[in-house]
Amino acid sequence: MKIENLERPVCVFPLTSNIRKKETVAMLLAGGQGSRLGALTAKMAKPAVPFGGKYRIIDFALSNCSNSGIDTLGVLTQYQPLELNSYIATGQPWDLDRINGGVYVLPPYMSAKAGEWYKGTANAIFQNINFIEQFEPEYVVILSGDHIYKMDYSLMVDFHKERGADLTIAVQTVPWEEAGRFGLMVTDDNDRIIDFEEKPENPRSNQASMGVYVFKWEILRSFLIADDADPDSSKDFGKNIIPAILAAGKSIYAYDFDGYWKDVGTVESLWEANMDLLSESSDLNLYDADWHIYSRNPVMPPHYAAAGADVSDSMITEGCIVEGKVENSILFAGVVISQGAQVKNSVIMPNTIIGNDSHVNYSIIAENAIIGCDVVFEGGSPSCISVIGPEAVIPDSAVIKEGARLSAEDAENLFGEV
Amino acid sequence: MKIENLERPVCVFPLTSNIRKKETVAMLLAGGQGSRLGALTAKMAKPAVPFGGKYRIIDFALSNCSNSGIDTLGVLTQYQPLELNSYIATGQPWDLDRINGGVYVLPPYMSAKAGEWYKGTANAIFQNINFIEQFEPEYVVILSGDHIYKMDYSLMVDFHKERGADLTIAVQTVPWEEAGRFGLMVTDDNDRIIDFEEKPENPRSNQASMGVYVFKWEILRSFLIADDADPDSSKDFGKNIIPAILAAGKSIYAYDFDGYWKDVGTVESLWEANMDLLSESSDLNLYDADWHIYSRNPVMPPHYAAAGADVSDSMITEGCIVEGKVENSILFAGVVISQGAQVKNSVIMPNTIIGNDSHVNYSIIAENAIIGCDVVFEGGSPSCISVIGPEAVIPDSAVIKEGARLSAEDAENLFGEV
Amino acid sequence: MKDVFGLIISGTEDQELRDLTMMRSIAAVPIAGRYRVIDFYLSNLVNSGIHNVGVITYRNYHSLMDHISGGVEWDLSRKRDGLFILPPMSQHTNHNGFYSGTAEAINGVKSYISRCAQNTCLLHTNCRTIFNTNYSQAYEYHKSSGADITMMYGIPGNKTEPPSKGEAMISVDESGAVTDVFPGRTYKKSDYISMDTYFINKDLLLRLVDDCVMRGGTDFIRDIIIPSLGKLNVKGFYYTEPSYKIDTLERYFKASLAFLDTGIRNSLIDGSGPVYTKVKDEVPARYSKSSRVANSLVSDGCYIEGSIENSLLFRGVQVARGAVIKNCIIMQESQIQANAVLENVILDKKCTILRGRRMVGTENHPMIVAKGSTI
Amino acid sequence: MKDVFGLIISGTEDQELRDLTMMRSIAAVPIAGRYRVIDFYLSNLVNSGIHNVGVITYRNYHSLMDHISGGVEWDLSRKRDGLFILPPMSQHTNHNGFYSGTAEAINGVKSYISRCAQNTCLLHTNCRTIFNTNYSQAYEYHKSSGADITMMYGIPGNKTEPPSKGEAMISVDESGAVTDVFPGRTYKKSDYISMDTYFINKDLLLRLVDDCVMRGGTDFIRDIIIPSLGKLNVKGFYYTEPSYKIDTLERYFKASLAFLDTGIRNSLIDGSGPVYTKVKDEVPARYSKSSRVANSLVSDGCYIEGSIENSLLFRGVQVARGAVIKNCIIMQESQIQANAVLENVILDKKCTILRGRRMVGTENHPMIVAKGSTI
């Protein structure tokens with residue numbers, strides 16, 4: 001006998017699980033701080049920010065994966081991952097607790113040589129090449145955890161296969177006047193991307209990248225390795241990997257997506273996306289039985305609307321108690337709107353209390369905050385939203401200026417300890 | 001109404017889970033590289049190293065927690081956590097997939113200010129104070145993930161409560177001649193610790209610390225915070241926290257544990273602990289129905305012993321194929337012992353193949369290795385164990401010197417690519 | 001409570017609840033806007049630290065099994081112990097699979113009982129009481145009093161009504177010993193009503209049940225408890241917290257509406273620990289411009305355009321513009337079309353009330369509409 | 001296979017397996033050293049990408065439910081779809097809960113079938129074949145041939161024996177159409193044996209079953225398939241991979257021993273995908289100094305001091321010093337005491353063979369010892 005004739009027995013699996021080959025693996029970038037959301041992301045990563053009464057931003061990407069039949073994905077975390085870790089946990093709420101595949105949270109780690117933080121979106125994937133390799137995928141889908149949209153990735157993968165593309169980038173047609181804010185794809189008549197412009201002054205295209213990519217894994221792998229060796233690279237998909245693939249003459253296609261899609265990177269866009277849920281005309285429909293958006297929620301009793309409650313044009317979820325008036329607003333679990341309080345055009349995150357006779361308008365109030373009695377939120381408008389951070393306490397009779405942004409510490413400094 | 005009268009509704013839970021108060025929380029230190037295990041820990045943390053045919057080292061601490069009724073624990077990882085993450089996953093094999101509590105893997109993370117690796121055992125706990133606080137525990141048990149032992153922590157917590165201790169340290173009585181290798185506790189007649197010596201030349205005690213601590217959480221918390229502020233501290237339990245608590249005159253008790261306990265920090269001690277499973281006289285009993293050691297294993301068929309097999313005094317698990325001779329050895333899942341091969345006094349880790357007519361003796365061969373045909377392992381003894389690393393390939397007719405330590409790369413350099 | 005396991009008989013002939021128990025056992029009846037009756041039983045056990053629970057199923061147990069199977073929501077999905085669904089038939093019965101009485105039900109699951117690692121059984125012979133408790137006090141009493149059997153009894157919240165036919169009332173002497181157990185409708189010797197909840201040693205239970213079945217007995221109270229009075233040490237533990245019987249339709253209706261009281265609701269839903277139930281993926285409740293709501297409990301998935309008062313809406317209920325709902329219990333996924341009027345009505349799951357229809361019951365005789373009806 | 005759901009009838013009257021099916025349905029019979037028969041069925045479905053599976057239970061389904069409940073091991077613990085255990089009784093039957101034939105069994109779970117999101121049913125009318133396959137080819141054939149019903153048929157590995165009484169044989173013409181279905185023991189028109197596996201449109205299945213039951217029919221083959229021949233487009237799909245019938249004790253014995261052949265074992269355990277089963281926490285098998293083992297499959301938890309040859313040992317079997325086991329199937333947790341001799345014996349679970357006892361069967365008539373016996 002010779003060594004080359006030795007054979008492993010059948011049914012031999014890797015140590016920890018029955019991992020089998022997967023055609024498609026998704027990698028979800030969820031490490032961003034989302035610093036433009038200020039106090040809302042002081043203690044949690046942006047994808048963990050609550051949205052729409054009982055969801056978090058990342059629920060959309062996770063539910064999209066689940067509904068698209070992509071059952072194997074890595075979630076790349078780095079900034080304040082505790083909340084996100086325990087939120088995702090086994091992936092059960094998204095039906096992603098698969099034995100063969102499922103969802104894996106991937107923080108940065110220390111190897112025999114050194115420990116390295118993720119230095120950029122591309123570096124985060126690079127550091128997890130081994131994770132991806134164990135599934136021997138043909139295709140890798142790269143997603144971002146901070147967009148609100150419902151998208152069937154499997155259709156995009158099909159498109160990618162049909163075109164035999166090396167890389168497919170999902171694009172949205174945006175109004176020409178706004179195009180300059182985006183990364184834009186210049187395509188030929190066959191949807192093939194011939195050029196790429198990052199926030200140009202004079203746009204040649206109005207097809208904006210959604211940050212959703214499908215790669216042939218072997219192509220992505222080789223470009224990640226080459227990019228890592230380049231000391232001048234900032235290890236970013238948009239700045240380095242995609243330009244390099246384009247320059248190498250690989251076939252890159254644009255996949256046009258015309259559904260609802262919103263980057264909730266600013267307070268105003270986050271507020272707007274929440275309000276879109278209350279709009280009859282919005283494309284953002286959560287009632288679609290074929291495309292459930294899943295989330296993890298503790299069990300609470302139904303919400304209670306007291307005898308004097310006045311509720312219109314709003315979404316209210318479990319555990320809330322409404323004694324006052326709620327108009328055109330979204331209340332998350334466990335929120336209390338006390339007697340005489342008026343909440344309009346606002347988003348009130350979990351377990352927050354609005355005291356008696358307080359008037360809240362055009363605001364996002366984060367979780368576990370306490371707004372005292374007779375507090376007044378002045379003015380405000382869709383382009384000027386006030387934010388009260390998690391755990392903040394606003395004393396009785398305080399006046400919150402329009403567009404104020406107050407973390408718990410700010411509030412304490414401003415009003416003293418209550 | 002005033003703000004101080006505002007009340008949250010009942011049944012309001014934290015966002016992600018129905019977390020309720022826990023009397024005792026355990027924190028398991030699993031971040032160590034275990035560099036003295038060489039090639040065995042090149043790609044996985046020491047607690048993930050396979051042990052005893054179908055276990056990993058960490059199974060003992062995890063099973064102890066589960067069997068002790070401690071259902072809430074954090075596992076602190078840092079070095080090569082991927083294997084450990086997917087191994088622990090939901091905690092289901094150890095019955096630790098609890099809704100209220102359960103097992104959490106806690107890697108280092110980046111906060112708004114900065115990202116920090118765990119700088120020492122104490123720093124690892126310090127960085128996770130928030131994690132512990134959410135359970136409002138009375139007691140925190142600190143464990144290490146790299147010892148082989150069966151211990152009912154609940155009895156130690158009871159002892160801690162009865163004594164009203166601030167800190168209780170589990171100790172083993174060791175032979176006086178070996179005492180100098182350990183951290184030793186000097187106690188008075190009431191088991192109260194009056195002094196602590198780290199590896200002294202002239203031991204005053206033979207009670208060695210097992211690295212298992214029960215703290216009053218408020219005490220530990222305050223000492224962790226003080227220690228973190230000290231720039232000269234090395235942030236270590238043994239070097240900093242315990243001496244500081246002792247110096248502060250807090251009540252520290254020694255809890256005497258006289259069961260089997262082994263630190264498998266060296267190749268020889270790891271081999272020895274494995275062999276203890278084959279010894280009739282050893283205290284390490286895996287057949288105890290009241291104290292199951294749980295592990296995660298893929299489903300494989302029963303092992304197959306061929307017509308010419310010769311097996312004695314050995315443990316063999318699922319998925320193995322035995323055609324040759326196996327004596328006083330432990331075979332992990334999916335191992336193949338080809339015709340004519342002889343394996344004695346050895347530990348063969350998962351999915352490794354021993355080629356025809358090869359003779360293996362006094363060795364630990366890691367997972368996924370291939371030992372060719374007619375390979376000879378020379379000599380060896382309990383104090384001189386050979387190690388072949390994961391994925392290593394040893395060509396036909398190679399001779400492995402006694403006590404050799406070869407990683408896959410070493411083997412390739414030595415023998416050339418096969 | 002390490003040494004206690006729970007055993008729940010999830011239903012017997014519960015005729016008094018009429019249409020609500022036609023298609024399901026009483027344990028699976030929806031209650032309080034988003035729960036099922038058994039949620040209270042399971043949560044009480046789990047919150048008391050009991051992690052081994054057997055549920056004996058009855059005739060139509062599809063909906064019960066759908067609801068509890070796996071036990072994850074109650075943290076009863078475990079390798080050791082956990083939740084066991086015990087089908088009503090067993091290799092030990094010679095019948096066609098159904099038990100006719102509570103003693104027979106227990107007899108059918110003797111092999112489960114024998115296998116339990118715990119020595120004390122906390123037995124619920126029915127699921128017709130809504131209460132929220134931690135059993136540790138009662139268990140301490142059971143142990144310290146040296147009782148063979150401890151029965152929990154109390155005065156339910158809806159005590160102004162006379163006892164119902166199927167109810168067991170008990171008399172207790174000064175030492176706490178149970179002196180008599182008698183049916184509610186016969187004669188009145190005390191105000192104390194059995195909570196159908198017992199602590200009993202496992203081996204004693206097995207022996208009593210064996211003995212009872214051998215003599216042709218079928219009922220736990222009639223054929224086991226009553227004959228034991230005076231012979232065994234049977235103690236009563238007085239339960240002081242609020243509890244509500246739901247053993248008749250009227251009581252079910254009143255107990256449901258009691259949840260609108262914030263004090264009662266809080267004590268029943270989180271008095272000694274939270275009530276857990278199965279989580280569904282529903283969108284938050286949505287109110288339109290034209291909606292009105294007062295003194296009501298509304299679950300996720302509801303879409304309210306009409307007017308609601310003093311009512312409980314389970315998940316996914318639609319109330320169209322102009323519809324008026326007052327003193328009603330509207331179960332999952334029912335639809336109330338435009339301008340329909342409902343007062344003192346219980347709608348079971350998936351009912352449809354057509355445009356402009358009007359149904360009015362009275363407080364003491366609510367109307368009930370069977371599952372899936374279109375009116 | 002997105003549009004396919006699986007439906008498994010887990011047992012009927014399987015008298016031929018005698019003691020093995022006294023206490024359990026055939027689906028729960030232990031096989032191949034660590035599996036249960038249903039593991040093969042579930043794994044085949046899951047490995048083919050089918051994630052919605054209903055299992056119709058039969059009389060004694062405790063052990064089946066213990067084994068599969070939750071479905072985690074087969075990755076069938078899902079929010080959408082997953083594994084559904086369908087108790088033998090249903091609100092739609094008027095009987096005392098048991099079905100007497102396969103058509104009746106399906107009739108009892110019509111509500112499950114109607115609720116399935118998938119349009120094609122992959123129906124197993126029995127669990128008496130061991131095979132490892134991916135159904136995608138058969139399904140492609142079903143779709144492309146335009147068949148109303150596609151029956152899988154083949155020539156099982158133990159083909160040298162004559163067909164058994166309960167077996168259905170089929171004739172197929174050149175176009176692939178099934179021309180006849182006839183019982184194995186009557187007359188011989190072909191060598192093709194039905195795999196009891198069908199592809200059929202969900203609505204057609206419901207219609208055929210309705211129609212059958214209305215006319216008093218009970219059996220899927222006799223009362224649905226045979227009357228449909230010539231009227232509906234019933235096609236046969238020829239299955240070429242190895243398969244083993246286990247519908248008689250002799251066949252069960254031979255199929256079990258076939259697993260000792262490495263080629264056969266590999267193809268049955270990992271031919272088109274791995275066979276999943278419930279994981280138990282067992283210590284690796286332990287051999288002592290005095291043990292001897294040849295051509296055997298040995299599971300974890302075994303403790304071997306004696307001698308084993310040509311045998312399959314399930315988990316937790318103890319073989320004491322001097323005991324000799326040859327051509328045997330020893331199920332879970334059985335104990336063979338010192339110097340006992342067993343040859344051509346099937347020991348069911350938890351049997352004890354006392355010191356020095358001797359039991360010898362023959363290859364064609366193995367002895368069988370019922371669960372829990374002490375000999």
Side-chain angles (χ1 to χ4, degrees), chain A residues 1-3 6-9 11-18 33 42 50 77-83 85-87 89-90 97 104-105 107-112 115 117 130-131 296 298-301 319-321 333-334 336 338-339 350-351 353 355-357 367 370 372-373 393 395-396 418, chain B residues 1-3 6-9 11-18 33 42 50 77-83 85-87 89-90 97 104-105 107-112 115 117 130-131 296 298-301 319-321 333-334 336 338-339 350-351 353 355-357 367 370 372-373 393 395-396 418:
Chain A
M1 267 307 257
K2 295 269 185 205
I3 188 168
L6 297 176
E7 268 178 40
R8 291 223 155 81
C11 254
V12 163
F13 299 103
L15 294 180
T16 45
S17 60
N18 301 342
Q33 178 172 358
T77 62
Q78 168 149 298
Y79 173 76
Q80 291 283 13
L82 186 55
E83 191 84 17
N85 281 356
S86 41
Y87 187 66
T90 65
D97 54 335
Y104 297 77
V105 175
Y109 60 90
M110 201 172 252
S111 67
W117 298 102
N130 285 343
F131 168 78
R296 180 187 298 277
V299 174
M300 295 199 201
C320 290
I321 295 186
V336 178
S338 306
Q339 226 171 324
N351 303 346
I353 302 179
N356 300 59
D357 304 313
E367 63 276 10
I370 300 179
C373 305
V393 178
D396 293 343
V418 178
Chain B
M1 267 308 255
K2 295 271 185 203
I3 189 166
L6 297 177
E7 269 178 42
R8 291 223 155 80
C11 253
V12 163
F13 299 102
L15 293 180
T16 44
S17 60
N18 302 340
Q33 181 172 354
T77 62
Q78 168 149 294
Y79 173 77
Q80 291 283 14
L82 187 56
E83 193 81 18
N85 281 355
S86 40
Y87 187 66
T90 66
D97 54 333
Y104 297 77
V105 175
Y109 60 91
M110 200 172 253
S111 69
W117 298 102
N130 284 341
F131 168 80
R296 182 188 296 279
V299 173
M300 294 199 201
C320 290
I321 294 186
V336 177
S338 306
Q339 228 171 321
N351 302 345
I353 302 179
N356 300 60
D357 304 313
E367 64 275 12
I370 300 179
C373 305
V393 177
D396 293 344
V418 178

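Hydrogens, waters and symmetry mates play no part in the numbers below; they use all other heavy atoms, side chains included. A, B, ... follow the sequence lines: proteins, then strands. Residue 1 opens every chain. All of these numbers come straight from a predicted model, not from anything done at the bench.
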Notebook entry, point to check: So how far is it from A:Glu7 CD to B:Ile370 CD1, rounded to the nearest 0.5 Å?
Noted result: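 Separation between the atoms: 11.0 Å.
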Check: When rounded to the nearest 0.5 angstrom, what distance separates CG in A:Leu6 from CG in B:Asn356?
Finding: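 It is 6.0 Å, given to the nearest 0.5 Å.
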Margin query: Do B:Ile3 and A:Val393 have side chains that approach each other closer than 4.5 Å (heavy atoms only, starting at C-beta)?
Written below: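 Answer yes - side chains close enough.
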Item checked: A:Pro107 side chain near B:Val105 side chain, heavy-atom distance below 4.5 Å ->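 When only atoms from C-beta onward are counted, B:Val105 and A:Pro107 do not touch, as no gap falls below 4.5 Å.
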Check: Is chain B contacted by the side chain of A:Gln339, its backbone, both, or neither, given a heavy-atom distance below 4.5 Å?
Finding: neither
Margin query: Can a donor-acceptor pair be found, under 3.5 Å and without considering hydrogens, that links the side chain of A:Asp396 to the backbone of B:Lys2?
Written below: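 Looks like no, no N/O pair under 3.5 Å.
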